[in-house]
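Worksheet for the structure shown next.
Each chain gets a letter, A, B and so on, in the order its sequence line appears, and its residues count up from 1. Worth saying up front: this structure is predicted, and the values here are computed from it rather than measured.
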Protein chains: 2
Amino acid sequence: MGKSNTKSKFKDFLLTQGLKSTNQRELILEEFLRAGSHLSTEDLYLRLRMKNPRIGYATVHRTLKLFAECGIAEQRHFGDGQARYEASAQDEHHDHLICISCGKIVEFEDSRIEELQMEVAGEHGFSIERHRLELYGYCSSCSTSI
Amino acid sequence: MGKSNTKSKFKDFLLTQGLKSTNQRELILEEFLRAGSHLSTEDLYLRLRMKNPRIGYATVHRTLKLFAECGIAEQRHFGDGQARYEASAQDEHHDHLICISCGKIVEFEDSRIEELQMEVAGEHGFSIERHRLELYGYCSSCSTSI
DNA sequence: CGCCTAGTTGAAAACGGATTTCAATTTAAA
DNA sequence: TTTAAATTGAAATCCGTTTTCAACTAGGCG
């Protein structure tokens, strides 16, 4: 999904929900799209503060929740106790490789794994709505430098 | 691993670490083994309080951390903001199916998925230390009752 | 046994990220 | 405009986790 497309999707969402379009929400969405994925609320807040001190943490927090409701962002947890947000892929799901040395996060997708997940779930009588797969280890830079 | 085996493993751990064997630690381990897996600190604390009011939350918390250090328990997070602990399987890893309606948690293991994970990680230059796979959906009872 | 020292305990305080409160402000419909 | 409803941000609150600290053991030693 292109950036302008995402912006109009958000505007539509605000309209249909009877919410208002504000300068802060626009700034936060722009910075969110510019900044790349896997930012914590704090990360995004600090980036915004540098450019525009008139934005509060609470607003960033609430706006990220709106993004998630609207479907343009997803909340993630990688075990460090902080929520992170990433821009939603339009249709396909992906999982994560996380380097436990440098913190680098790589996305991947493997339909063979997804199929096996459905199979296993079916064996246990579950119908799956969503899943989480995270692989923790050392990226190439970190494993060679040991 | 049998329960008495687990208990002696914990005693050994305490000895080798220069820690002391106390009544509280014994009670907590017994209740932990009796109670089944996926308990939060709070869960275990409440169960212990019913039988013996002279046990503090802090002690339960610290003892569960000892279990994890010692290798007889593992900490898990299933997205409800609470840490949960489960007794460690002696050698094999397992993953989880979680019912988003009733909260039921089922364990499973699939070596085909594990193999594919290693393959995908290798393609990205990662060497994997551990992983987390959770499938969220509706168990058979909950999906039929809709 | 009783002493002694290091480890342990539990109530309460501190912590840290997430969330809410509320008075002042802004949006946008009438 | 005027006005009602939504939004904002600083500060307060929430809630699970973790630490503090004075009182209390465990267990080694004489």
In whole angstrom, give the distance that lies between atom CG of B/L46 and atom P of D/dG16. 11 Å
Which one, C/dT20, D/dG16, C/dG10, comes nearest to the side chain of A/A58? C/dT20
Give each protein N/O atom lying under 3.5 Å from an N/O atom of nucleotides 25-27 of chain D, with the pair distance.
from   : atom 1 : to    : atom 2 : distance (Å)
D/dA26 : O3'    : B/S21 : O      : 3.4
D/dA26 : N3     : B/K20 : NZ     : 3.1

In short, A/R84 meets A/H38 closest at the heavy-atom pair NH1-O, 3.0 Å
In whole angstroms, the gap separating P of D/dA6 from CZ of A/F13 amounts to 14 Å
Any carboxylate oxygen within less than 4.0 angstrom of a Lys/Arg side-chain nitrogen, looking at A/R112 and A/E115? no
Decide whether B/L66 and B/L44 are clustered together by the hydrophobic rule: side chain heavy atoms of Ile, Leu, Val, Met, Phe, Trp, Tyr closer than 4.5 Å, transitively. yes
N/O (side chain, B/H61) to phosphate O (OP1/OP2, D/dT18) under 4.0 Å: yes
Can you tell me which nucleotide in C/dG10, C/dT20, D/dT19 comes closest to the side chain of B/R62? C/dG10
Please give, in whole Å, the distance from D/dG16 P to B/Y45 OH? 13 Å
How many whole angstroms separate atom CG of A/L27 from atom P of D/dT7? 16 Å
Treating B/S101 as the side-chain partner and B/Y138 as the backbone partner, does any N or O pair qualify as donor plus acceptor under 3.5 Å? no
If you assign each of A/R54 and B/Q75 to its closest nucleotide in DNA chain D, which residue comes earlier from the 5' end? A/R54
For the ring pair A/H96 and A/F108, is the centre-to-centre distance below 6.0 Å? no
Tell me: CG of A/L14 to P of C/dA29, nearest whole Å? 13 Å
Under a 4.0 Å threshold between the charged nitrogen and the carboxylate oxygen, would B/D95 count as salt-bridged to B/R132? no
Can you check whether A/R25 has a side-chain N or O nearer than 4.0 Å to OP1 or OP2 of C/dT27? no
Distance check needed: D/dT7 P versus A/I28 CD1, whole Å only. 12 Å
If you take the centroid of each ring, where Trp contributes its six-membered ring, are A/Y85 and A/F32 closer together than 6.0 Å? no
Side chain of A/Y57, heavy atoms from C-beta onward: which of D/dT19, D/dT17, C/dA18 has the nearest atom to it? C/dA18
Nearest-angstrom distance from the residue atom CG of A/L44 to C1' of C/dA18: 15 Å
Starting at CG of B/L64 and ending at C1' of D/dG16, how long is that distance when rounded to a whole Å? 14 Å
